[in-house]
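Okay, structure first, notes after.
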Amino acid sequence: MIHNETLHTPQPGPPAETGRTNIVTVVTQPFTDQRPGTSGLRKKVAVFAQPRYLENFVQSVFDALPGWRGATLVLGGDGRYGNELALQVILKMAAANGIGRALVGRAGLLSTPAASCVIRRRDAAGGIILSASHNPGGPDGDFGIKVNLANGGPAPEKVTQAIYETSRTIRAYRALDAPDVPLDRLGQSRLGDMVVEVIDPVADYAALMERLFDFEAIRALLTSGRFRMRFDAMHAVTGPYAHELLERCLGAPAGTVLRGEPRTDFGGEPPDPNLAHAQALVAEMFGPDAPDFGAACDGDGDRNMILGRRFFVTPSDSLAVLAANAALVPGYRGRLVGVARSMPTSRALDRVAARLGIPCYETPTGWKYFGNLLDAGRITLCGEESFGTGSDHAREKDGLWAVLYWLNLLAARRASVEDVVRAHWRSYGRDFYTRHDYEGLNPVTAECLMKRLRRRLPHLSGQVFGAQRVRLADEFSYTDPVDGSVSPGQGPRIEFEDGARLVLRLSGTGTRGATLRVYLERFEPDPARQGEDVSIAVAALAQAAEAIAGMRARLGRKRPSVVT
Ligand code: G1P
Ligand code: ZN
């Protein structure tokens, strides 16, 4: 895809059949590695650049979703290297596969949550989002393709499985032989029988945000002269959204948005909103004369990091704080029916749900598992420890939404970020939380570690590590309460008698080797002990993780590659 010639000179060999004059059917052979992971098909650009690689996958999507014929599709991406070229390929294939109408974000841009909102608002049958999320961009970086359905959410496993099965037997793909569609101007054009409408990527989304949040209160806060904020768009897709919403609509001064210009290589940094990659923002927020509020979003705009002045809000805590303060936010006041978190996310949310008297569901890692609960009206807010929070306004996690929610609650509470979080801990207790990632592992070695751990699980209960005794050790298996589908093998979890917990799982989004994630959490109800440094608070737990899973011995790693 990323090479123009694969588009205009279909390879290999001559067309197998030619239907309508300008639809070409191109013979192809399957690739064996097109199984979508936690969040779509994500690979190195070099993998996607192989002739027919993108085309095979896209044809598999159209073949697996016959209901898309004649319907409206939403298309866009995070603007990374390959975004526009891939969109042109997809548009021509969509036209040849009978799609009725394609709504494309101007310049090929649409954040993941905005795509979800547009699908819902415009009654589309689904969408294709081009993104590898927070992974690096550029020619040596990653590329990805995600498929969403009519509810605006990621395709569930049975659909991604069907796409994968199709990709294993694919024999041909169809594309229209036509010139590229100009994507820089709003308006309609035709591609064969398909209508292409280039839409403003921000408008629908901004209108929805205005309905959910108290824009007047936020505007008053941002223009008061007493409150300063910074938003780091990381040269990724949220730049245009943040300029429009924060600076233009809500009156924050120019310069509030940092790195607001989308770039195909995200300026050379991974667009990953964490303490390691949002360095300039972090330096400012932890420096002298720090602003009151800092935030960043990832490549495709679904993740968020929230910072106060010299204060980092752990994503699990952020989710709990949002739930606990719903009464302050117009779109959520009095309407929290239930909440959900991914299994490795800390249990801070459960404590809020218990007090509110609403259910809290525990789902496997990955946003797609929230879809059924949201569609069935069982939950209103949900989130993951991996910097993801969202609600029933969309079917994707939503970075800027979380930023606006925080601004709304800060405006209502007239307190600092740190004060809000510390008051939350005093009231509910603190869940110390940290995640250790071991990246770039040999996949076989990583699998071996997990296999050995799984074998040990049934024997762990009652064993003592340091001062902690294991209360329960099992592997998380999820039964979806809405459709009864079962997702086994979602990661071993080890709970200790003092309420601390360890979770281990292999990443499903990496593109280089395997990544082991070790999640550590410990509950501290005593306010006098809540000020401890996280790494100290979980040190004994980290030792227990080492004793149980043996990262040093089995992976040859003395320490994790990333700690968040
Ligand atoms: C990671 C996160 C997960 C998130 C996903 C997509 O998946 O852990 O919470 O939903 O990215 O953003 P993983 O690599 O762990 O499979
Ligand atoms: Zn993302």
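Any value given below was found using the heavy atoms of this structure, including those in side chains, with hydrogens, waters and symmetry copies removed. When a ligand or atom number is given, it counts from 1 through the structure's own listing order. None of the values given here were measured: they were computed from a predicted structure.
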Exercise. What angle sits at the Zn ion (ligand 2) between OD2 of Asp298 and OD1 of Asp302, to 10°?
Worked result: 90°
Any side-chain donor paired with an acceptor under 3.5 Å for [X] and [Y]?
X	Y	result
Ser318	Trp406	yes
Asp300	Thr112	yes
Thr389	Asn304	yes

Closest protein heavy atom (residue, atom, distance) for [atom]:
atom	value
atom 7 (O) of ligand 1	Thr509 CG2, 3.5 Å
atom 6 (C) of ligand 1	Lys397 NZ, 3.6 Å
atom 11 (O) of ligand 1	Arg303 NH2, 3.0 Å
atom 4 (C) of ligand 1	Glu384 OE2, 3.6 Å

Exercise. For the Zn ion (ligand 2), does an N/O/S atom of Asp300 lie at less than 2.8 Å?
Worked result: yes
Exercise. Any N/O/S of Ser133 under 2.8 Å from the Zn ion (ligand 2)?
Worked result: yes
Exercise. Should Asp33 and Tyr53 be marked as a side chain to side chain donor-acceptor pair (under 3.5 Å) after you check the CA-CA gap, both sets of side-chain angles, and the distance that decides it?
Worked result: CA-CA 10 Å; Asp33 64 344; Tyr53 193 87; 3.0 Å; yes
For this session: Fit a plane to each ring of Tyr428 and His424, take the angle between them on a 0 to 90° scale, and name the class: parallel (under 30°), tilted (30 to 60°) or perpendicular (over 60°).
Result: parallel
For this session: May I ask you to decide if the ring planes of Tyr433 and Tyr519 are parallel, tilted or perpendicular, using 30° and 60° as cut-offs?
Result: tilted
Exercise. Is there a nitrogen or oxygen of Arg42 sitting under 3.5 Å from a nitrogen or oxygen of ligand 1?
Worked result: no
Exercise. Is His134 close to ligand 1, meaning an N/O of one under 3.5 Å from an N/O of the other?
Worked result: no
For this session: Kindly state whether the ring of Tyr81 and the ring of Phe143 have centres lying under 6.0 angstrom apart.
Result: no
Exercise. Under 6.0 Å between the ring centres of Phe31 and Phe57?
Worked result: no
Seminar exercise, completed: Quick look: Ser386 vs ligand 1, heavy-atom contacts under 4.0 Å, and the answer is side chain
Could you list the atoms of ligand 1 found under 4.0 angstrom from a heavy atom of [X]?
X	result
Gly366	10 (O)
Thr365	3 (C), 8 (O), 9 (O)
Arg517	8 (O), 13 (P), 14 (O), 15 (O)
Gly508	13 (P), 14 (O), 16 (O)

For this session: Any chance you could lay out the side chain to side chain donor-acceptor pair (under 3.5 Å) test for Ser485 and Asp483, step after step, and finish with the verdict?
Result: CA-CA 6 Å; Ser485 59; Asp483 66 12; 2.7 Å; yes
